[in-house]
Engineer: 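This structure is in structure tokens; I'll ask about it shortly.
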2 protein chains.
Amino acid sequence: MTTQLEPDICEDVCIHEQLVEKVKKELPRAEQMMELSNLFKALGDFTRIRILEALLSSELCVCDLVSVLDMNQSAVSHQLRVLRSSKIVKFRKEGKNVYYSLDDNHISQLINQGLNHVLESR
Amino acid sequence: MTTQLEPDICEDVCIHEQLVEKVKKELPRAEQMMELSNLFKALGDFTRIRILEALLSSELCVCDLVSVLDMNQSAVSHQLRVLRSSKIVKFRKEGKNVYYSLDDNHISQLINQGLNHVLESR
DNA sequence: AATACGCATGAATAGTTGTTCATATATTAA
DNA sequence: TTAATATATGAACAACTATTCATGCGTATT
């Protein structure tokens, strides 16, 4: 019964309908985009970036990080928690100390590439 | 006058003093780390990631994005503003429409690498 | 000139986030 | 056991952010 000769029935909409459909199909799954935005969100903080840049040099215990960042220990621990829960850093316990390091080198690549962008775009 | 035989005078501190000094020296300048965290912060939002993933497929005008994201136009414009001010997207005007696209391919590399991380780390 | 349309923007608001303070936990030393 | 040290964590608060609503601005159409 319904005639579907032309893809757009209404000519006057601004939307590029078929392009929009194509783009929609090429989008990653919402869940993956959510994870991606959460990853970037975890990287998107000055304190956490400093922690990660420090860990790029070396595995460090919490009090080392406190000293490098010149911040109070509680603040550092809270940010380490964020990084842990996003699986950006890993840690090992040794006596009273906890040593943190980058979880894998995907992360260091991301950070380095981001830094390159920042350095080159000036 | 001052004798500096041992690097750490106090043995009992938890801090690895010389390592901390080395790490401090290797840190990028604070301003650059600030820019880097701001870049990641701009990428760290679900709506903005969806915008960017869409623009990865094609240049799009605002109303296309509104349709792809199924959000109201004002919200999309506000987020585009964030992306513009971080130089993540660029735009061109054509009549009543404004077409947005990714600013350069550093950005698309960053996004793709982030997405790969998300996909592989499961 | 008047209207319609696409987009931008300011204000308001609810939700989120980072830091601090106080305190808890766990490990080691005395 | 007691004390000291390294780290983690909950609560509180200020600062920030994303969305909505209302409206403004510029361009095209009539």
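Note that the structure is predicted; figures quoted are calculated from it, not measured. The figures that follow rest on heavy atoms only: side chains count, while hydrogens, waters and symmetry mates do not. Numbered from 1 within each chain, the chains take letters A, B, ... in sequence-line order.
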Engineer: With stacking defined as ring centroids separated by under 5.5 Å and planes differing by under 30°, is B:H78 stacked against C:dT9?
Structural biologist: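 Stack criterion met.
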Engineer: So does B:T47 get a side-chain nitrogen or oxygen closer than 4.0 Å to the phosphate oxygens (OP1/OP2) of D:dT19?
Structural biologist: yes
Engineer: Round to the nearest Å and state the distance from B:M71 atom CE to D:dA18 atom P.
Structural biologist: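 Between P of D:dA18 and CE of B:M71: 10 Å.
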Engineer: Looking at the side chain of A:S77, which of C:dT9, C:dT19, D:dA8 is the nearest nucleotide?
Structural biologist: D:dA8
Engineer: Nearest of C:dA8, D:dG26, D:dT5 to any side-chain atom of B:V98?
Structural biologist: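 Out of C:dA8, D:dG26, D:dT5, the nucleotide with an atom closest to B:V98's side chain is C:dA8.
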Engineer: Is it the case that over 12 heavy atoms from other parts of the model lie below 6.0 angstrom from the CZ atom of A:R92?
Structural biologist: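 Yes.
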Engineer: Choosing from D:dT20, D:dT9, C:dC7, which nucleotide comes nearest the side chain of B:S74?
Structural biologist: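 Of D:dT20, D:dT9, C:dC7, D:dT20 is nearest to the side chain of B:S74.
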Engineer: Any side-chain N or O of A:Y100 under 4.0 Å from OP1/OP2 of D:dA8?
Structural biologist: yes
Engineer: At less than 4.0 Å, is any side-chain N or O atom of B:R48 found next to OP1 or OP2 of D:dA18? Yes or no.
Structural biologist: yes
Engineer: Under 4.0 Å: is that the gap between some side-chain N or O of A:R84 and OP1 or OP2 of D:dT9?
Structural biologist: yes
Engineer: Can you spot which of B:E59, B:R84, B:K90 makes a side chain to side chain donor-acceptor pair (under 3.5 Å) with B:Y100?
Structural biologist: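 Filter result, single survivor: B:R84.
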Engineer: What residue among A:I49, A:L52, A:L43 forms side-chain contact (heavy atoms from CB on, under 4.5 Å) with B:L36?
Structural biologist: A:I49
Engineer: Atom CD1 of A:I49 to atom P of C:dT17: distance rounded to whole Å?
Structural biologist: 17 Å
Engineer: Check whether any side-chain nitrogen or oxygen of B:N97 sits under 4.0 Å from OP1 or OP2 of C:dC7, and answer yes or no.
Structural biologist: yes
Engineer: Quiz question: by atom type and distance under 3.5 Å, do the side chains of B:T47 and B:Q79 form a donor-acceptor pair?
Structural biologist: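 Per modelled atom types, B:T47 and B:Q79 side chains form no pair under 3.5 Å.
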Engineer: Please state how far atom CG in A:L69 lies from atom P in C:dT20, giving the value in whole angstrom units.
Structural biologist: 12 Å
Engineer: Rounded to the Å, how far apart are B:K96 NZ and D:dG24 P?
Structural biologist: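 To the nearest whole Å, that distance equals 20 Å.
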Engineer: With a sphere of 6.0 Å drawn around NZ of B:K22, does it hold more than 12 non-hydrogen atoms of other residues, nucleotides or ligands?
Structural biologist: yes
Engineer: Would one find a side-chain N or O of A:Q73 under 4.0 angstrom from OP1 or OP2 of D:dA8?
Structural biologist: no
Engineer: Please report the distance, rounded to the nearest Å, between CZ in A:R81 and P in C:dT25.
Structural biologist: 15 Å
